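These notes are about the structure you will find just below.
Just so you know, these numbers come straight off a predicted model, no measurement behind them. Just so we're on the same page: letters track the sequence lines, and every chain starts at 1. Hydrogens, waters and symmetry mates play no part in the numbers below; they use all other heavy atoms, side chains included.
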2 protein chains.
Amino acid sequence: MRGIDVFAIFNFYQSNNSSIAIKMKSQPITIKDIARILGISPSTVSRALKDHPDISPKTKQLVQTFAEKVNYRPNALALSLRSSKTNTIGIVIPEIVHHFFSTVISGIEDVAYGRGYNAIICQTNENYQREVIDLQALVDNRVDGILISMSKNTHEFAHFENLKENGVPVVFFDRICEQISSDRVIADDFEGARIATRHLIDKGCKKIMHLAAPQHLLIGKNRKEGYCSALKEHKLSCDDRLIVKCDTRETVFARADDIIRLAPEVDGIFAVNDSTAIAAMQVLQRNGYSIPKDIAVVGFGDGPNANIAYPPLTTVEQKGYDIGQAAMRLLIGHIENNVEEEEYETKIFTPELVERASSQLGTEY
Amino acid sequence: MRGIDVFAIFNFYQSNNSSIAIKMKSQPITIKDIARILGISPSTVSRALKDHPDISPKTKQLVQTFAEKVNYRPNALALSLRSSKTNTIGIVIPEIVHHFFSTVISGIEDVAYGRGYNAIICQTNENYQREVIDLQALVDNRVDGILISMSKNTHEFAHFENLKENGVPVVFFDRICEQISSDRVIADDFEGARIATRHLIDKGCKKIMHLAAPQHLLIGKNRKEGYCSALKEHKLSCDDRLIVKCDTRETVFARADDIIRLAPEVDGIFAVNDSTAIAAMQVLQRNGYSIPKDIAVVGFGDGPNANIAYPPLTTVEQKGYDIGQAAMRLLIGHIENNVEEEEYETKIFTPELVERASSQLGTEY
DNA sequence: AACGACACCGCAAACGGTTGCGACGAATTA
DNA sequence: TAATTCGTCGCAACCGTTTGCGGTGTCGTT
């Protein structure tokens, strides 16, 4: 008896709904809608949908097939509000248009997707104020955790402290905040530079120039020190005269004279990044030097430029994708083991040498 | 009388809260907490916080300063649930690690930030299934609108139709779906190719080779047709013999022989993208040709490679940032004017010529 | 016939916030 | 003095979902 009624309404709803769908934006169907149409209570619908033992097989069947027909989907907002779990994490980075950072994001995304998390991405454009506001917005939206790479212009850390007080799990990556104890995932610039420089020495270089970034930046300092360390390992002196301060294409051209003046006495160059290395090769080539026959060159991986260079550039690759994955895994660990371990972890990724033509000293390309 | 009581509790709460903050993750404070502590109702607190005229100045003052002290922040989830407005939009793209796409995202982000929107980013990795799931997740999270660039492997469009039925505003950009009527923001590949080819002709080229992408891809087809169109404009014939099918660095090297065989009779090359153009230059240079003295080269902008090339590559820039901004603005228009206009707009961005050394036919670099 | 056991389902509160409406006291007006 | 107005505030419902608990009806058991 009652079954007939229900199915009448059922069919009515179906045809009615589909005709509506053509004309207007129909609000998504809710559990209450289903309950009203089927003449049962929302709680029964809820339980039926998740196979609760209290519900009879018939009711379950009815509710489940109906929900299927009308394409019911639970409202994630309501679920989040009730459970205080959004399955969403926040990412705060200086800029997206940067090969390294977008690679990291890609790694984060892939792990997140596999574990059922969504990612809200905020780009600070190296702006401190925006970093503060972005973090606040993420907290307001009750993200389950946050991954941060700090802006260059951030010198106060109250907004980071604030996260800890709010109980939001945080993992810093790449541009970590030394003043805040937390999980960290970083690339080992020192070791990367040492590997690059060692490689030049292995290739037979006796006197190696370094194109360096400003020493107040961590990467500038660490990469230079890695360079010096490799030299000393091999009883070579670390001569300040061989260190030219330039870290962009433009600054290379601006200091081209200095490079050319030093060129006759060196047989290798380690540049703080790839675009600097490539620009240096071009300056040298224009002045009659042959790479890698006369001078071998190694860069430091900031993208896919190395392959395009002429000759293809030997470089050390920063494993952005791995860093992203590791950071996300660490974060998930903190989110899902609500264990209050004050034990913070630091994961270090050592860059990997990718050997190409530019470092084959003495050979023609 | 009562004032004294309240402030006593006030102070108690303050000291109590701060001591808690040190030890444990304190749950964020809610309107109900404030109401309980201040001995008034949640509705009064809510109204006081937004200067409702029904509330007395004294109460407003009390509530507002207290909220300030305890750093009250409204729960965005609760607001969204009630208002059905999340101030969040979804972005679905094939891959993040791609200069063009990350540039688009940057444009989207900046507009979104200015208008108070957050962005959830999903990367499909050119996977149809993932595209479906990502869209569903965005709808479940009740985003206010969605920006999509389609995956290459998407050949069914039910999930797009589904969005329209759910009443979610959608704007397609770059990889649009021709089968779905909607707002669109695209780059004009045809016109870009025409501009590039025209430029070569202006520089004195009489016979221009084209390195083309597969013709079943829209960009391959449009760019080739733009190339032909420019030739015909200038009474030059569009000779299929001068069209070499290669669109990556690897395919250029694979078909190097074909290119070298044609080289003696051509004085210009238009390549379907920058990396192809750069690889072609390298092949030619290795075979004794001088660029741009013997042969002028123009690429098609897919990144910052052009600057790094030797010689610097003339190219047409796809305005990713502008496309992102425009797409977001269109979307916001649809979200905020809930006017039901079935008028869909298509914005077309014409690439812009960026002239560098590689196209200065006859000159030495 | 009265009892407990069990299957099945609904009520109501909760998550955090908003808002229409009614209540109450005080001040103003007739 | 009685009626009206106004300034303040709280009740309760609502957004969509979950869940503890209590209620109902149908059995079988003694």
Side-chain angles (χ1 to χ4, degrees), chain A residues 2-3 6 26-64 67 70-88 139-144 166-167, chain B residues 2-3 6 26-64 67 70-88 139-144 166-167:
Chain A
R2 199 177 144 205
V6 166
S26 54
Q27 290 293 331
I29 191 165
T30 72
I31 275 195
K32 293 189 185 181
D33 295 329
I34 298 181
R36 193 168 1 91
I37 295 167
L38 259 36
I40 55 183
S41 82
S43 23
T44 302
V45 175
S46 173
R47 282 190 260 251
L49 287 175
K50 46 187 49 168
D51 263 331
H52 194 285
D54 268 10
I55 308 299
S56 75
K58 290 175 222 159
T59 309
K60 276 183 190 171
Q61 181 66 23
L62 176 68
V63 171
Q64 286 171 3
V70 298
N71 211 333
Y72 167 76
R73 301 238 86 217
N75 184 327
L77 289 176
L79 291 178
S80 297
L81 178 59
R82 187 157 213 282
S83 63
S84 324
K85 179 86 167 60
T86 52
N87 286 312
T88 300
V139 172
D140 289 350
N141 281 288
R142 299 295 188 270
V143 292
D144 294 335
N166 277 27
Chain B
R2 198 178 145 207
V6 166
S26 55
Q27 291 293 330
I29 190 164
T30 73
I31 273 195
K32 295 187 184 181
D33 293 329
I34 297 182
R36 191 168 4 90
I37 295 168
L38 259 35
I40 56 184
S41 82
S43 27
T44 301
V45 175
S46 173
R47 283 190 260 253
L49 287 174
K50 46 187 47 167
D51 262 332
H52 193 286
D54 268 11
I55 307 300
S56 75
K58 289 175 223 161
T59 310
K60 277 183 190 171
Q61 181 67 20
L62 176 67
V63 172
Q64 286 172 4
V70 297
N71 212 334
Y72 166 76
R73 300 238 89 215
N75 183 326
L77 289 176
L79 292 178
S80 297
L81 178 59
R82 184 159 219 279
S83 63
S84 325
K85 180 83 169 61
T86 52
N87 286 311
T88 300
V139 173
D140 289 351
N141 279 288
R142 300 294 189 270
V143 292
D144 294 334
N166 278 24

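In this structure, B:Asp33 atom CG and C:dA14 atom P are separated by 14 Å, rounded to whole Å. Look at NE2 on B:His52: it is 10 Å from C1' on C:dT18, rounded to the nearest Å. Note: CD1 (A:Ile40) to C1' (C:dC11) measures 15 Å, nearest angstrom.
Every residue two or more places apart in sequence or in another chain was checked for a side chain to side chain donor-acceptor pair (under 3.5 Å) with B:Asn75, and none qualifies. In this structure B:Lys32 satisfies the salt bridge (charged side-chain N to carboxylate O under 4.0 Å, His left out) test with no other residue, sequence neighbours excluded. Checked against salt bridge (charged side-chain N to carboxylate O under 4.0 Å, His left out), A:Arg82 has no partners two or more places apart in sequence or in another chain.
In this structure, B:Ser83 contributes its side chain and B:Leu79 its backbone to a donor-acceptor pair below 3.5 Å.
No engagement by B:Ser80 is indicated, since no non-hydrogen atom pair under 4.0 Å with the nucleic acid exists.
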Can you check each nucleotide of nucleotides 14-21 of chain D against protein heavy atoms at under 4.0 Å and return B for base, S for sugar-phosphate only, - for none, in 5' to 3' order? BBBBBBB-

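An angle of 90°, rounded to 10°, separates the two end axes of the helix from C:dA1-D:dT30 to C:dT28-D:dA3, each defined over five pairs.
Contact check for A:Asn71 versus A:Ile29: no side-chain heavy atoms found under the 4.5 Å cut-off. Using a 4.5 Å cut-off on side-chain heavy atoms (C-beta onward), B:Leu77 and A:Thr86 make contact. Side-chain atoms of B:Val70 and B:Ile37, non-hydrogen and from C-beta on, never get closer than 4.5 Å to each other.
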Please set out all donor-acceptor pairs under 3.5 angstrom arising from side-chain atoms of residues 50-58 of chain A, sequence neighbours excluded.
from: A:His52; atom 1: ND1; to: A:Asp54; atom 2: N; distance (Å): 3.1
from: A:Ser56; atom 1: OG; to: A:Thr59; atom 2: N; distance (Å): 3.3
from: A:Ser56; atom 1: OG; to: A:Thr59; atom 2: OG1; distance (Å): 2.8

